[in-house]
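Take a look at the structure set out below.
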Amino acid sequence: MITAADSTTSLVQSVDWLAIAPPVVVATVALIILVADLFLPEERKPLLGLASIAALVAALALLIPLRDGNHSTFCLTTGTGTGACSYTADHFALIIQVLVLGGALLTALLSFGDIRRLPAGEFWFLLLSSAAGAALLPAARDLATLVVALEVASLPAFALVGIKRDDRRSSEAALKFFLSSVVATAVMLLGVSFVYATTGTLHLTELATRLHDVPDQFATLAKAGVALTLVGFAFKTAAAPFHFWVPDTYVGAPLPVAAYLSVVGKAVGFSGLILVTVIAFPSYADVWGPALAVVAALTMTVGNVAALRQTATRARSAVRLLAWSSVAQAGYLLVPIASAAYSSDEQIGSTVAYALMYAVVNLGAFAVAALVARTNPDNRLSDYRGLYATRPLTALAMGFFLLCLAGLPPGIVGLFAKVTVFSSAVDAGLGWLAVVMAVNVVIALYYYLQWTAALFRAPEEAEPATPAPAAALADGPATAVQPLGAPVAAPVSLTAAIALTAAVGIVLSGAPQIVLRFAAVNLF
């Protein structure tokens, strides 16, 4: 006979508050900022930004006690799935949380001195809310938590893209981003429902076991569920053919938000994709492995070819090139995941290592773009010509970031990350994919080196200053368009973001094993 006390013991469990502390702290401060914004006078609104930065620093600090990677909570205590947990702070989750919280912190630094024309309270609330969802997702170990975390990370991002209320381009970008994301989420939820119908569980570890023994009459339904579930994550990673929203969204969004989407948004998609493929669906590797290999090849090719077509004098061509570059980089990131279907889960370490390198240098490149936009709101590639003559340190930093993305010295960490990804394809027997990647790396060299060379060319003859369009000024203060020969002072936070990313990139180039050692470790 089961007593009431026994029943309570079996159903109630203690919560590991330390394990969930990083996303909880960020979400709590987001709510505090939302309320505080109602009472703070306009001149004290910068305090909201300082509170946001402090929250992200605190969340990063709370990851230190979790570094052993052995914390789980919200676990099943009854039934056949006893021991399956909904939240696990293992090494994989911690590394991705460092990436997304660090990316959100750098985004906050980029934004701090440049949001005077944006609603401060709403901006910081949305940024922290999205960061909380992004930090929750890599630790999620059931499909329900995974989907909720994905949407918590995505829904505030829609509002951030369209936060420039007086800019028609921003509103169009937000609408395109929202509609395409909603469709992808609906398809993913349909896939999750198919998977649940065939297995009766949502926990990833339980799914791996039950999908291995699906009855024949449900085999087709299970395969369809697996394929549809991957669609939502493919959209978040900006993988072709789900990449069409990227260029317009990045151009329409404030530059710090575009930087956030290019790094944190991508990390969310890739971490979710890794969790469902490697942990939940290993028995269907013959379904998702070839599909991801083809998508990887298509994504890197589409991104690089589109980047080649950018015209230097087109308005916002610099941001468009970074957008298409991020699509191409997503193709490289997909290679080790596809390789894991043919060899071992250890290939995933190559994606994690590459993502860490990409996050640092891409955020740095967007930080320089934000700085140039303060004097040249149109942010054309031609606006970077002669940057070394007026801002030598900024030009050197931008050149370093571009060489890292290209995989050329002195960007050693970019070179070694690409070699690691290339090796994962070769080790998995995907020689054709390795060849496609090699060809795309060569293609990318052209536009990265062309942009780098422009930084050090003699500046063009300055033209008289003309008033900046009101919509363009939403990315910066109300100043007139000025030539690069007349730079304006940059906010301390923006300078700090450029210096920090450059310093981290240099350290990693000097000791790439700090990142690349993850490629040799089983993260789960």
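Here the structure is a predicted model, which means the values were calculated and not measured.
Proximity of a side-chain donor or acceptor of Ser130 to a complementary backbone N or O of Leu126 within less than 3.5 Å is not detected. Of the possible donor and acceptor atoms, none in the side chain of Gln347 sits under 3.5 Å from a partner among the backbone N and O of Ser343. Panel note: side chain Arg385, backbone Ala458; a donor-acceptor pair is recorded below 3.5 Å. Between the side chain of Ser317 and the main chain of Gln310, no donor-acceptor pair closer than 3.5 Å is present. Between the side chain of Trp288 and the main chain of Phe281, a donor-acceptor pair closer than 3.5 Å is present. Of the possible polar contacts, one joining the Tyr260 side chain to the Ala131 backbone as a donor-acceptor pair under 3.5 Å is found. For Asp167 (side chain) and Arg169 (main-chain N/O), a donor-acceptor pair under 3.5 Å exists by modelled atom type.
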Test side chain to side chain contact (heavy atoms under 4.5 Å, CB included) applied to Val361 and Thr501, step by step:
CA-CA 7 Å; Val361 298; Thr501 50; over 6 Å; no

Test side chain to side chain contact (heavy atoms under 4.5 Å, CB included) applied to Val360 and Val263, step by step
CA-CA 9 Å; Val360 172; Val263 172; over 6 Å; no

Evaluation steps, side chain to side chain donor-acceptor pair (under 3.5 Å), between Tyr332 and Thr299:
CA-CA 8 Å; Tyr332 304 146; Thr299 301; over 6 Å; no

Taking it one step at a time, do Val372 and Thr394 satisfy side chain to side chain contact (heavy atoms under 4.5 Å, CB included)?
CA-CA 10 Å; Val372 172; Thr394 301; 5.6 Å; no

Go through the steps to decide whether Lys236 and Ser181 satisfy the test side chain to side chain donor-acceptor pair (under 3.5 Å), and finish with yes or no.
CA-CA 8 Å; Lys236 300 300 178 183; Ser181 181; 2.8 Å; yes

Would you sort out whether Leu63 and Val98 count as a side chain to side chain contact (heavy atoms under 4.5 Å, CB included), showing the intermediate values?
CA-CA 8 Å; Leu63 295 175; Val98 168; 3.6 Å; yes

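Here the closest non-hydrogen pair linking Gln329 and Leu405 is NE2-O, 3.5 Å. In plain terms, the two heavy atoms of Ser509 and Cys404 that are nearest each other are OG-SG, 4.4 Å. Residues Ala240 and Val302 share a closest heavy-atom pair of CB-CG2, 4.5 Å. A pairwise comparison of heavy atoms in Phe233 and Gly272 identifies CE2-CA, 3.5 Å as the closest pair. Residues Ser170 and Gly162 come closest through the heavy atom pair OG-CA, 3.3 Å. Ala153 and Ala157 get closest at one heavy-atom pair: O-CB, 3.8 Å.
Counting heavy atoms from C-beta outward, Phe92 and Ile274 have side chains that approach closer than 4.5 Å. Looking at Phe366 and Pro256, their side chains never come closer than 4.5 Å, going by heavy atoms from C-beta outward. The side-chain heavy atoms of Ser326 and Val246, taken from C-beta on, include a pair separated by under 4.5 Å. Leu500 is listed as a side-chain neighbour of Leu106, based on a closest heavy-atom distance under 4.5 Å. Between Pro336 and Ile348, the closest side-chain pair of non-hydrogen atoms is not below 4.5 Å. The shortest side-chain heavy-atom distance between Asp248 and Arg320 falls under the 4.5 Å cut-off. Residues Val335 and Ser424 are in side-chain contact: their nearest non-hydrogen atoms beyond the backbone lie under 4.5 Å apart. With contacts defined as side-chain heavy-atom distances shorter than 4.5 Å, the pair Met300/Met437 qualifies.
Heavy-atom contacts from other residues, nucleotides or ligands closer than 6.0 Å to CZ of Phe242 number more than 12.
From Tyr446, atom OH reaches atom CG of Asn304 across 13.5 Å, with rounding to the nearest 0.5 Å. A distance of 12.0 Å separates CD1 in Ile412 from CD1 in Ile506, rounded to the nearest 0.5 Å. Taking OG1 of Thr351 as the reference point, atom OH of Tyr354 lies at 10.5 Å (rounded to 0.5 Å). Atom CG of Leu415 sits about 7.5 Å away from atom CG of Leu408, to the nearest 0.5 Å. Rounding to the nearest 0.5 Å places CG of Leu275 at 8.5 Å from CD1 of Ile96. For the atom pair CE (Met357) and CG (Leu508), the distance works out to 10.0 Å, reported to the nearest 0.5 Å.
Ion pairing of Glu172 with Lys176 is absent here, as no side-chain N (NZ or NE/NH1/NH2) approaches a carboxylate O to less than 4.0 Å. We find that Arg316 and Asp383 are not joined by a salt bridge, their nearest charged nitrogen and carboxylate oxygen being 4.0 Å or further apart.
Counting only residues at least two apart or on different chains, the side-chain hydrogen bond (donor to acceptor under 3.5 Å, both in side chains) pairs with a member in residues 262-279 are Ser262-Asn362.
Side-chain contact, Ser325 with Tyr448: a donor N or O sits under 3.5 Å from an acceptor N or O.
When ring centroids are compared, Trp451 and Tyr384 come within the 6.0 Å threshold. Tyr447 has its ring centre no less than 6.0 Å from the ring centre of Trp324.
The ring-ring contact (aromatic ring centres under 6.0 Å, His included) with Phe235 is formed by just one residue from the set Phe270, Trp245, Phe244; it is Trp245.
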